[in-house]
Amino acid sequence: MKKVFNFDFFQRIGKTFMVIISLLPAAGLLLGIGTTLQSPYLIEYLPFLDSGFWKTISDLMKGAGKAIFGNLGVLFAIGIAGSWTGGKAAASLSALVGYLVMHTVIGIVLGITPENVSEPGRVLELGIPTLQIGVFGGIIIGFVAAVLYEKYHDFKMPEMLSFFGGSRFVPIITAGYSIIIALILAFVWPHVQDGIYALGAALSGENTPPLYMFIYGLVERALIPFGLHHIFYIPIRFSEVGGTYTTLAGSVVSGDTAMYMAQLADKQVNDAVEITAGRFMAGKFPFVLFGLPAVALAMYHMAKPKNKKAVAGLLLTAAGTAFFTGITEPLEFTFLFVAPLLYVFHTLMAGLSFMLMYVLDVNVGYAGGSGIIDFILFGILPGVGEPWWYVIIVGLAMAVVYYVVFRWAIKKWDLLTPGRGDEDSNRLYTRKDYEEKTNRKSDESVVNQKAYEVLAALGGKENINNLDACITRLRVGVKNKGAVNKEKLKALGASGVLEVGNGVQAIFGPTSDTLKNQILDIMNQETNEYKEESTISFVAPLSGKVVALEEVPDEVFSQKMMGDGIAVQPTSGDVYSPVDGEIVDVFPTKHAITLRSDEGAELLIHLGLETVNLKGEGFEIKVSPRDKIKKGDLIAQFAIDQIGQKGYNTITPIILLNGDQFKIDHSSYPSSVVGGKDVLIKAQKG
């Protein structure tokens with residue numbers, strides 16, 4: 001069976017977090033622009049901003065931004081559930097239901113009311129008086145809703161209650177689980193909260209050791225190649241681990257990001273407010289705005305003269321992306337794969353940058369990225385007295401160090417940075433280079449063609465287990481990493497290709513998500529075309545005599561009330577998988593198993609008639625729901641002699657549950673079969 005907590009699992013978690021993180025740039029810009037519009041510093045130069053109209057515009061923009069930052073808990077719940085299940089609305093709705101139920105139950109159990117909600121550790125969450133759980137509550141409910149959706153989205157209810165089956169059952173079961181979670185949190189969370197507050201005080205207090213900030217910056221950069229940095233920084237930037245702050249309006253915000261935004265807004269109202277947040281963000285500005293562009297310059301200068309023109313566009317684009325947007329991965333991955341030791345140096349410099357900004361008491365935050373736009377918007381324009389100029393001073397010094405070290409190391413060890421290798425193996429093509437090489441133009445057909453070629457370079461649809469993307473990279477789980485053509489991916493525009501866990505990551509920059517969607521469309525289109533044309537063969541799940549379904553001595557089956565199918569009178573109690581696919585469900589009484597083939601056909605194997613009354617006696621199940629199975633895998637055993645002696649008929653119907661999508665071919669089938677080997681029946685998509 002597959003291991004659940006593997007590397008891909010944690011990468012997938014990081015990707016789900018990005019669904020919410022991607023909201024913050026827009027919210028931050030609204031909040032930042034709204035705050036800046038009423039900055040005394042800016043009004044001094046633009047007096048017309050000190051008017052009722054501009055004050056109203058400012059309030060509207062700040063209100064819109066605060067609506068996002070003030071509701072991160074529920075946004076994490078909805079976003080995680082939707083992302084984990086591939087955008088299923090029922091999962092997101094279930095997460096919202098679970099979130100509301102959880103907080104309501106907590107408030108009732110602990111007697112929290114609007115009158116006493118101002119006590120420490122309590123808060124109004126979507127108007128519900130409850131404990132201050134923050135994003136942790138959203139994360140818990142989001143993953144619970146996602147797991148429950150995957151388990152129950154095809155749950156079948158009795159006929160009279162069938163309306164509540166399937167995906168409609170998921171919000172119901174999620175509400176039930178949320179009550180249990182709420183009861184646990186009501187008694188456990190206050191103790192957990194004390195520990196979180198203590199950790200937050202250690203990390204965000206006045207006497208935090210500078211070494212802590214060095215370690216934070218180093219680890220955050222070190223996790224970038226593995227795509228796990230989101231898991232590391234989210235608790236600090238968006239929960240009480242990063243500290244808490246009570247606004248002038250009396251509300252409590254948590255996490256370095258929300259605290260900074262709130263303190264920045266309050267500073268405009270009351271100059272006595274001290275900005276203490278931003279320490280987990282300010283350290284990125286020096287090495288992003290100055291250090292990494294210096295790296296690009298060093299690599300350009302060390303490129304072979306004949307290759308400088310070719311790599312200039314690549315390096316300029318990567319450096320510009322980092323400088324303007326704060327997206328550093330295209331440039332970082334440019335040197336990571338050819339000079340890992342230089343990436344180690346880079347992580348040390350990142351740690352030093354965070355430590356220096358903390359020691360110099362520079363508190364400058366950002367909403368989306370640590371580029372020049374955020375630096376101007378949240379550092380310079382607010383005019384709140386923060387010594388933002390230290391970012392420039394430290395950044396220029398770091399640029400010199402980066403440039404000297406990279407240039408020296410590249411020359412000393414003859415590192416194959418862009419432009420230093422031979423044209424075929426070391427040159428990284430820009431889009432323009434690739435279009436010239438292949439005589440293509442940048443129109444829509446080329447974009448689609450690129451998606452086809454990237455898919456082919458990944459080993460084709462058959463080699464892909466799962467496909468995701470974050471801001472800058474395709475995250476691909478593959479069956480065979482050897483089938484991935486790394487050089488072709490680089491020729492198609494990837495600045496690097498990294499093997500991680502059971503998959504690869506291809507760094508295509510900000511276009512990665514669009515590329516992912518195009519590849520998924522191609523795969524879905526090919527899959528649909530294949531399904532339309534294919535015939536599915538079902539291997540016999542048991543050895544024995546084949547019996548037409550109409551001859552089964554049970555009207556529910558013989559009259560096909562549950563669907564079309566066939567039956568086997570078994571001569572052996574070994575039960576095999578008839579398809580390649582997965583187990584959907586195992587009945588509690590072990591007498592029936594439902595499974596789904598890779599093509600989407602859903603089957604019920606009902607072991608005997610009326611055997612539900614045995615309550616599991618005589619049955620041994622070898623699999624669990626969500627297990628992957630192959631044709632011929634042993635999935636169960638039942639004691640046919642023992643069950644027959646108790647008066648039960650062991651004839652086993654095999655029912656096709658989604659007969660609206662697949663039609664069984666009854667033109668011919670064998671008189672007897674060997675379980676796990678012989679083909680029992682065939683079905684046609686249609």
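Along the sequence shown, residues are numbered consecutively beginning with 1.
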- Task: Please report the closest heavy-atom contact between A91 and A145, naming both atoms and the distance.
- Result: O-CB, 3.9 Å

- Task: Walk me through it: do S254 and Q132 pass the test side-chain contact (heavy atoms from CB on, under 4.5 Å)?
- Result: CA-CA 9 Å; S254 306; Q132 184 181 349; 3.0 Å; yes

- Message: Check this for me: does any side-chain nitrogen of one of E150 and R626 sit under 4.0 Å from a carboxylate oxygen of the other?
- Response: yes

- Message: Are there over 12 heavy-atom neighbours, none belonging to Y390, within less than 6.0 Å of that residue's OH?
- Response: no

- Query: Tell me, do L131 and L185 make a side-chain contact under 4.5 Å, heavy atoms counted?
  - Reply: no

- With a 4.5 Å heavy-atom cut-off, do M398 and S353 have their side chains touching? yes

- Query: Which heavy atom of Y99 sits nearest a heavy atom of A77, and at what distance?
  - Reply: CD1-CB, 4.1 Å

- Task: Taking the side chain as every heavy atom from C-beta outward, state whether T594 and F587 have any atom pair closer than 4.5 Å.
- Result: yes

- Task: Give the minimum heavy-atom separation between P129 and L124, together with the two atoms involved.
- Result: N-CD2, 3.6 Å

- Taking it one step at a time, do W388 and V362 satisfy side-chain contact (heavy atoms from CB on, under 4.5 Å)? CA-CA 6 Å; W388 51 264; V362 179; 5.6 Å; no

- Item | Distance-only side-chain donor-acceptor flag, Y245 / D266, under 3.5 Å | yes

- Message: Going by ring-ring contact (aromatic ring centres under 6.0 Å, His included), F354 matches just one of Y216, Y212, F214. Which one?
- Response: Y216

- Item | Straight-line distance of S178 OG to L100 CG, nearest 0.5 Å | 9.5 Å

- Query: Atom CZ in F287, atom OG1 in T328: separation rounded to 0.5 Å?
  - Reply: 6.5 Å

- Determine yes or no for a side-chain-to-main-chain donor-acceptor pair under 3.5 angstrom, with Q263 supplying the side chain and A277 the backbone. yes

- Message: Between M357 and P286, is there a side-chain heavy-atom distance shorter than 4.5 Å?
- Response: yes

- Query: Would you say the side chain of L126 lies within less than 4.5 Å of the side chain of H103, judging by non-hydrogen atoms?
  - Reply: no

- Message: Quick one, L348 and L352 - any side-chain contact, counting heavy atoms below 4.5 Å?
- Response: no

- Between W189 and A182, is there a donor-acceptor pair closer than 3.5 Å when you use the side chain of the first and the backbone of the second? no

- Query: Of the non-hydrogen atoms in F285 and V391, which two are nearest, and what is the gap between them?
  - Reply: CB-CG1, 3.6 Å

- Between A175 and V101, which heavy-atom pair has the shortest distance, and what is it? O-CG1, 3.8 Å

- To the nearest 0.5 Å, atom CD1 of I128 lies from atom CE of M102 at 9.0 Å

- Item | Which atom of V586 lies closest to which atom of P625, heavy atoms considered | N-CG, 4.2 Å

- Item | Within-4.5 Å side-chain heavy-atom neighbours: K267 and E386 | no

- Message: Under a 3.5 Å distance rule, please check whether T347 uses its side chain to pair with a backbone N or O of V344 as donor and acceptor.
- Response: yes

- Item | Point-to-point distance, once rounded to the nearest 0.5 Å, from CD1 of I236 to CE of M281 | 11.5 Å

- Within-4.5 Å side-chain heavy-atom neighbours: V74 and N71: yes

- Item | Polar side-chain atom of D256 near backbone of F280 as donor-acceptor pair, under 3.5 Å | yes

- Query: Do E274 and T276 get their side chains close enough for a donor-acceptor pair, meaning under 3.5 Å?
  - Reply: no

- Query: Which distance, rounded to the nearest 0.5 Å, do you find between the CD1 of I519 and the CG of L474?
  - Reply: 5.5 Å

- Message: Between F375 and Y366 (judged by ring centroids, cut-off 6.0 Å), do the two rings come close enough to count as a pair?
- Response: no

- Query: Taking the six-membered ring for Trp, are F169 and Y152 parallel (under 30°), tilted (30 to 60°) or perpendicular (over 60°)?
  - Reply: perpendicular

- Task: State whether the side chain of D585 and the backbone N or O of K151 hold a donor-acceptor pair below 3.5 Å, judged by distance alone.
- Result: no

- Starting from the C-alpha separation in whole Å, work towards a yes-or-no answer on side-chain contact (heavy atoms from CB on, under 4.5 Å) for Y177 and L148. CA-CA 9 Å; Y177 272 83; L148 293 175; 3.7 Å; yes

- Task: For side-chain contact (heavy atoms from CB on, under 4.5 Å), just list the numbers for V241 and F136, CA-CA rounded to whole Å, side-chain angles, deciding distance to a tenth of an Å, and then say yes or no.
- Result: CA-CA 10 Å; V241 174; F136 288 113; 4.1 Å; yes

- Please round to the nearest 0.5 Å and tell me the distance separating atom OG of S624 and atom CG of D627. 5.0 Å

